[in-house]
Protein chains: 2
Amino acid sequence: MASRLKSTFRFHLDMHSGVPVYRQIVDQVRGAVAGCNLNAGDQLPTVRQLAVDLEINPNTVVRAYRELEYDGLLETHQGTGTFISDQKLHRPADERQRQLEQIASDSIARAGAAGFTIRELIDQLRSASEGRKQ
Amino acid sequence: MASRLKSTFRFHLDMHSGVPVYRQIVDQVRGAVAGCNLNAGDQLPTVRQLAVDLEINPNTVVRAYRELEYDGLLETHQGTGTFISDQKLHRPADERQRQLEQIASDSIARAGAAGFTIRELIDQLRSASEGRKQ
DNA sequence: CCATGTGTACTATATAGCTAGTACACTAAT
DNA sequence: ATTAGTGTACTAGCTATATAGTACACATGG
């Protein structure tokens, strides 16, 4: 059987938020990875187990995992399980560029909606960057 | 009639992108404001005119304009027209700065989770900005 | 007051999205 | 080969979303 650790990460759903269940799962996994609560090699709950825990249909879990797999954040192995992938080293450059453009576009839209210019956003990012000594 | 300038900004739709029409309008206005192609006081195309230009239903334009109005990005005056609002006058500077920091922080978190550096994000934003101004 | 141009409200309908149900396929341990 | 555990595929139905149709209300200029 699998020798890799199962994470202790716990999911939580808000059924009254209006946010689709599969999206809540996606966001929680992304957040956990970004916050190092989930790390490369960690096994996620199985499709069925998470479906039981959250009292939802297995296909809803599948949908969430599939989107994360498409993003390269995790790998699924039929018959074995679903695991956090070894980062983005294997992802093609064009897909990577596409994702960066998406992030930038969303950031611009959000800043614009709040009445900020791209210039202001860039300046803020730059000062934040210096603050982190990156 | 209205003395304020009508902007020369042009909308463009991709009917095959799968992105809702109203959302394309919203994003283009937000982007234009962020990129200073639309400025405070500019009049947007009328609901009916834009509907004719884009060959869509007026209500679709209404929906887009309403979302932007809710965000405080524009103001509608029944019988007169729809105009880009001057948000800077309506919000305290410190709250504005706090909001900008929040947006920047979120953008950094998202980019970081996807394996990008702040530098890469800034470069992408800059090229997007230049692309808008030609 | 009237004509015209503006945004608004309400309803209807087609489409897409989300979730569920059920059955199948692959993997590994026995 | 069997069995239990895993992900996968396909279908269906309900819900929300997006758009269209039609009629109404406000603003401005003659």
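In what follows, chains carry the letters A, B, and so on, assigned in the order in which the sequence lines appear, proteins first and then strands, with residues in each chain numbered from 1.
Distance from the side chain of A:N57 is smallest to C:dA20 among C:dA20, D:dA20, C:dT8. When distances are taken from the side chain of B:T46 to each of C:dT6, C:dC18, C:dA20, the shortest belongs to C:dT6.
Applying the 3.5 Å distance criterion, the base of C:dA25 shares a donor-acceptor pair with the side chain of A:Q78. For a distance-only test at 3.5 Å, the side chain of A:R48 qualifies as a donor-acceptor partner of the base of D:dG7.
Spacing between atom CG of A:L50 and atom P of C:dA20 amounts to 12 Å, rounded to whole angstrom units. Taking atom CD of B:Q49 as the reference point, atom C1' of C:dG7 lies 15 Å away to the nearest angstrom. Taking atom CZ on B:R66 and atom P on D:dA18, their separation rounds to 14 Å, with Å as the unit. Summarising the geometry, the separation between CZ on A:F83 and C1' on D:dG5 is reported as 12 Å, rounded to the nearest angstrom.
When heavy atoms are screened at a 4.0 angstrom cut-off, B:V21 is found touching the sugar-phosphate backbone but no base atom. In this structure, A:R23 reaches neither bases nor backbone, as no heavy-atom distance under 4.0 Å exists between it and the strands shown. A:Y22 comes within contact range of the sugar-phosphate backbone alone, with a heavy-atom separation under 4.0 Å but no base atom that close.
With values rounded to the nearest 0.5 angstrom, B:I84 atom CD1 is found 4.5 Å from B:L38 atom CG. Taken to the nearest 0.5 Å, the CZ atom of A:R110 stands 6.5 Å off from the OG atom of B:S107. The CG atom of A:D14 lies 6.5 Å from the NE2 atom of A:H12; values are rounded to the nearest 0.5 Å. For the atom pair A:L100 CG and B:Q124 CD, the distance stands at 4.5 Å (nearest 0.5 Å).
Put simply, A:R63 has a side-chain N or O that comes within less than 4.0 Å of OP1 or OP2 on C:dC18. Listed pair B:T82 / C:dG7 meets the phosphate criterion, a side-chain N or O lying under 4.0 Å from OP1 or OP2. Dashed line: the shortest gap from a side-chain N or O of A:T80 to OP1 or OP2 of C:dC26 is not under 4.0 Å.
Defined by atom type and a distance below 3.5 Å, a donor-acceptor pair is missing between the side-chain atoms of A:Q28 and A:Q24.
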